[in-house]
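Convention: sequence-line order gives letters A, B, ...; per-chain numbering from 1.
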Amino acid sequence: MTHPPSHQTLERYNAKDSEPRWQEAWAQARLFETDNADARPKYYVLEMFPYPSGRIHMGHVRNYAMGDVVARYKRAKGFAVLHPMGWDAFGLPAENAAIERKTNPRDWTYANIATMRGQLQSMGLSLDWSREIATCDPDYYKHQQRMFLDFLGKGLVTRRTAKVNWDPVDHTVLANEQVIDGRGWRSGAPVEQRELTQWFFKISDFAQDLYDALDGLERWPEKVRLMQRNWIGRSQGLQVRFALATAVEGVGEAIEVYTTRPDTLFGARFLAIAADHPVAAALSGANPALQAFVDECRRMGTAQAAIDTAEKLGFDTGLTVRHPLDPSWTLPVYVANFVLMEYGTGAVFGCPAHDQRDLDFANKYGLGNTPVVCPEDQDQDSFVITDTAFDGDGRMINSRYLDGMTTGEAFEAVANRLEAEVLSGRPVAARKVQFRLRDWGVSRQRYWGCPIPIIHCEACGPVPVPVADLPVRLPEEVSFDQPGNPLERDHAWRTVPCPSCGAAARRETDTMDTFVDSSWYYARFTAPWLADRPTDPAAVNRWLAVDQYIGGIEHAILHLLYARFFMRAMQATGWSGVSEPFAGLFTQGMVVHETYKDAAGAWVPPAEVRFSTEDGERRGFHVKTSAPIAIGPIEKMSKSKKNVVDPDDIIASFGADTARWFMLSDSPPERDVIWTEEGVQGAARFVQRVWRLVNAAVSATGSGGGDAALRKAAHKALAAFGEDVERLRFNRCVAHVYTLANALEDAFRGGASAAAGREAAGILVQLIAPMMPHLAESCWAVLGRDGLVAQAPWPGFDPALLVEDTVALPVQVNGKKRADVTVPRDADAAAVEALVLADEAVRRALEGRTPRKVIVVPGRIVNLVV
RNA sequence: GCGGCCAUGGCGGAAUUGGUAGACGCGCUAGCUUGAGGUGCUAGUCCUGCAAGGGGUGGAGGUUCGAGUCCUCUUGGCCGCACCA
């Protein structure tokens, strides 16, 4: 019999000493630097790169711990793994810091990067730091400028006017996140909408493909695919021209309407056009009341409060149009506040009976309604609509030649007829697929972003900066002592000769949306050393798509959709041979923590609270004053609620392995994980336990009792771990490791031999290596194994050890469990039945009855039905 | 309003995808050890019952030999989009 060495004689594992040593050893061996020429099968694992806000937070720790498990595991499995890291370094916080602290955004950003790089390195992540990039580096953004020009050349970039948020006090454009409750974040003044000429990426050119290709992204969460599908918003309908009944100067001869419900055309009562519709503009010149209404709509339009109340308002233009299925039937045309110019044609036909908005509108203006679709379970003669529109399918009524058809049949009948009819030389209607997705406006009136490489010339218009002149660098010296974009005030920077005619011209002073920077960084990682071009298509095609991308759900739509667009645009311009950037996507949950408040209602950080559980109730007290602290709800860690735990503090007191292990334990990775002090202690205890067990293994002197059971336990854990880590079920991987640790403990008590102990301990160490890599290296050394565990191939398991010779089958009688019967593993159904019926407990449960039916599920269960 | 997800002990969660509900961890209880700033070990911990047994996965039905898992209804919570024609 041997016992694990007691904790008094064995020195505790010292993470503080050991972790930096192993990090140094890995760096010396350049284990994680990836060679593009490595011919083994590739695996690209990537976590969403961080914004250099100052310090890493627990969300980063969780994200990167997960990615590192995958990277280390895949490396051990023999893949050529690419696991890079960089910085999403442009953005508004740098400008805010510059304003508040009188620093330069560049200095602030690079100082943060240095701090955060050190923090990430202290986590022991297996990253290829030789490929590090920062998006604010001219060596990065010059290629982005190059691609902007290439996209422009391919017609994937356009320029037109769009609304921006304007702060009338600070005289500056505001980003959406700087508008709080409709007011400027600094001035507090109500924000106005202003029209500016801006640059757009034509993401809508790819709407159909972006939509269709979602079906192929099988390793994306269904939730994210659904969100993207809804965002792209594909609908199939009919674009119908309604001829004007009376000619009016400047209005044209027809109004085009898009509808997904042409089947309800006989229920039409009116036409409604958007306030921004050209017809409204044409009419309002001679009609001050209409002009006033249009202005009112524009003011209300973006005021979110107005949308909530959603009162339907309209203005009768006096114009009438002919019904396309019956020219003798005319309909009034309204300008209505609920019609959007950005969607469809900016005009709708109103069918009050079958659309709630149209019904609200018709009821308000006394336009009536005609039900034309009757639900199958309703009586057609008595079917009326009052306050609630019916938008389902049914049988056509009140619709002349359509009566009796289903809605689907009526859709086809109307579409076919109107497509064949001609008005002024063109078909009256055409089938159309419509998308909700709008083009991506990328112009930002900001300093700290990638300059848009365009020069505006009086004579030549917007002229691309010649590729040889790239990058257009941001000016080094910048001041934020006045509101607005400093680039606009920097005349020396702004004023340049026109590349086309040589006349004095001015630079574009807008910079690109920071989402552009993050739309292609994963492609740049495949060859970040290239000086003269954004990518090497061979390298891109070698590494992309990213096999496993890991990040927060908050990027489910914008970042992931923009990246998908960018790959397609890069494909169109020859910079990539693939169209989908991310083959596998995983969205991890947040790190949450209890909140604490003192008697005055002020937030209290966790470090200042101690707890007592006397009389069964858990109460909080201030560590210094002992004043009672109220324990509040569990919420996302945030500075404002002070419920944050600094990763540096955890790493300093427990080590990176403890923090990583805790982040991977318990909660499934896609769900939120609750950070608790007890949980961290548990993880820290386990670190010491592994250390003791491994040391016990090398000094074991048992004679081999329990060796067989130990081997089985080790190989079972190995098999189960492998299956779960492939599916990113890290919480289950952790459970398998604990189970093996328990088995090791039992085996040493039972007298396991040193050989069996070493083998099982070796497997345990390899299992923890992706999760607690430093501890694993120390243990590997104790076991006397060669090299670094980070270089060791993943062990194979012996399938023969996974199956038991006998199996304890639960026996149910009428679905209730009554007994366990041990049978040989390969016994056939008849043999099992015989054994079961002979069992004493089973016979007692049967009370002499004979089963009517016997269900034997081999290896699982037996059910007797009496 | 539309769309989606979730609900299991005191807590986080597991359940081989329709086959022994509660793995593993945290917490708690008792004992032993250690010894004073986060130790280790043993036993126990869904409810009820001395026990045999009985009950149990938000609630009510259903399908099935068998349901945490599938179907219908319902309650509660979370998330996304939001006047999209």
Tell me: [atom1] of [X] to [atom2] of [N], nearest whole Å?
{"X": "A:Trp691", "N": "B:G40", "atom1": "CH2", "atom2": "P", "value": "16 Å"}
{"X": "A:Met663", "N": "B:G25", "atom1": "CE", "atom2": "C1'", "value": "14 Å"}
{"X": "A:Phe662", "N": "B:C24", "atom1": "CZ", "atom2": "P", "value": "19 Å"}
{"X": "A:Glu222", "N": "B:C6", "atom1": "CD", "atom2": "C1'", "value": "16 Å"}
{"X": "A:Gln239", "N": "B:C84", "atom1": "CD", "atom2": "P", "value": "18 Å"}
{"X": "A:Lys716", "N": "B:U16", "atom1": "NZ", "atom2": "P", "value": "16 Å"}
{"X": "A:Gln228", "N": "B:G4", "atom1": "CD", "atom2": "C1'", "value": "15 Å"}
{"X": "A:Ile861", "N": "B:A67", "atom1": "CD1", "atom2": "C1'", "value": "12 Å"}

Identify which nucleotide among [options] has an atom closest to any side-chain atom of [X], counting heavy atoms from C-beta outward.
{"X": "A:Trp231", "options": "B:G27, B:C81, B:G12", "value": "B:C81"}
{"X": "A:Arg818", "options": "B:A85, B:G53, B:C84", "value": "B:G53"}
{"X": "A:Lys853", "options": "B:C24, B:G40, B:C65", "value": "B:C65"}
{"X": "A:Asp666", "options": "B:G3, B:C84, B:G25", "value": "B:G25"}
{"X": "A:Asp820", "options": "B:G19, B:A85, B:U20", "value": "B:U20"}
{"X": "A:Glu745", "options": "B:C41, B:G27, B:C81", "value": "B:C41"}
{"X": "A:Asn230", "options": "B:G27, B:G3, B:C83", "value": "B:G3"}
{"X": "A:Val348", "options": "B:A85, B:G12, B:U17", "value": "B:A85"}
{"X": "A:Gln812", "options": "B:A85, B:A23, B:G66", "value": "B:G66"}
{"X": "A:Ile557", "options": "B:G25, B:U20, B:C81", "value": "B:C81"}

For [N], give its Watson-Crick or G-U wobble partner with both distances under 3.5 Å, or none.
{"N": "B:U42", "value": "B:A30"}
{"N": "B:C24", "value": "B:G12"}
{"N": "B:C65", "value": "B:G19"}
{"N": "B:G80", "value": "B:C2"}

If the [atom1] atom of [N] is compared with that of [M], how far apart are they to the nearest Å?
{"N": "B:U63", "M": "B:U72", "atom1": "P", "answer": "15 Å"}
{"N": "B:C24", "M": "B:U75", "atom1": "C1'", "answer": "32 Å"}
{"N": "B:A14", "M": "B:C26", "atom1": "C1'", "answer": "15 Å"}
{"N": "B:U39", "M": "B:U33", "atom1": "C1'", "answer": "10 Å"}
{"N": "B:A23", "M": "B:G13", "atom1": "P", "answer": "15 Å"}
{"N": "B:C11", "M": "B:A82", "atom1": "C1'", "answer": "37 Å"}
{"N": "B:A7", "M": "B:A21", "atom1": "C1'", "answer": "16 Å"}
{"N": "B:C73", "M": "B:C2", "atom1": "P", "answer": "15 Å"}

[X] near the nucleic acid: base, sugar-phosphate alone, or nothing, with a heavy-atom cut-off under 4.0 Å?
{"X": "A:Thr260", "answer": "sugar-phosphate"}
{"X": "A:Val257", "answer": "nothing"}
{"X": "A:Leu226", "answer": "sugar-phosphate"}
{"X": "A:Val865", "answer": "sugar-phosphate"}
{"X": "A:Tyr258", "answer": "base"}

Does [X] have a side-chain nitrogen or oxygen under 4.0 Å from the phosphate oxygens OP1 or OP2 of [N]?
{"X": "A:Arg671", "N": "B:G13", "value": "yes"}
{"X": "A:Arg357", "N": "B:C84", "value": "yes"}
{"X": "A:Asn742", "N": "B:G25", "value": "yes"}
{"X": "A:Arg749", "N": "B:U42", "value": "yes"}
{"X": "A:Tyr343", "N": "B:A85", "value": "yes"}
{"X": "A:Asn731", "N": "B:C24", "value": "no"}

Do [Y] and [X] have ring centroids that are under 6.0 Å from one another?
{"X": "A:Phe662", "Y": "A:Trp675", "result": "yes"}
{"X": "A:Phe361", "Y": "A:Phe270", "result": "yes"}
{"X": "A:Phe293", "Y": "A:Tyr334", "result": "no"}

* Asked: Which is it for A:Arg689 and A:Asn742 under the side chain to side chain donor-acceptor pair (under 3.5 Å) test, yes or no, and what are the steps along the way?
  -> CA-CA 10 Å; A:Arg689 189 163 167 231; A:Asn742 292 342; 2.6 Å; yes

* Pull up the glycosidic torsion of B:G9 and say syn or anti, syn being anything within 90° of 0. =>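 Syn for B:G9; the angle stays within 90° of 0.
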
* Going by a 90° cut-off around 0, is B:U69 syn or anti? -> anti

* Asked: So A:Ser204 and A:Arg438, side chain to side chain donor-acceptor pair (under 3.5 Å) or not? Walk me through it.
  -> CA-CA 6 Å; A:Ser204 62; A:Arg438 285 183 255 155; over 6 Å; no

* Checking side chain to side chain donor-acceptor pair (under 3.5 Å) for the pair A:Asp263/A:Thr407: CA distance, chi angles, key distance, verdict? -> CA-CA 6 Å; A:Asp263 47 301; A:Thr407 39; 5.0 Å; no

* Looking at A:Lys364, A:Arg357, A:Gln356, which one forms a side-chain hydrogen bond (donor to acceptor under 3.5 Å, both in side chains) with A:Asp360? -> A:Gln356

* To do: Establish whether the base of B:U16 is bridged to the side chain of A:Arg860 by a donor-acceptor pair shorter than 3.5 Å.
  =>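 Such a pair is found, so the answer is yes.
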
* Quickly, which of A:Met637, A:Glu635, A:Glu677 forms a side chain to side chain contact (heavy atoms under 4.5 Å, CB included) with A:His593? Name it, please. => A:Met637

* Asked: So is A:Arg436 actually on top of A:Trp231's ring, under 6.0 Å and inside 45° of the axis?
  ->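 Output yes; distance and angle both within limits.
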
* Given that A:Phe686 and A:Pro668 both sit by RNA chain B, which one's nearest nucleotide is further toward the 5' end? ->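 Mapping each residue to its closest nucleotide by heavy atoms, the 5'-most match is A:Pro668.
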
* **Closest-nucleotide 5' rank along RNA chain B - winner of A:Met227 and A:Arg261** =>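 Looking at RNA chain B, the more 5' nearest nucleotide goes with A:Met227.
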
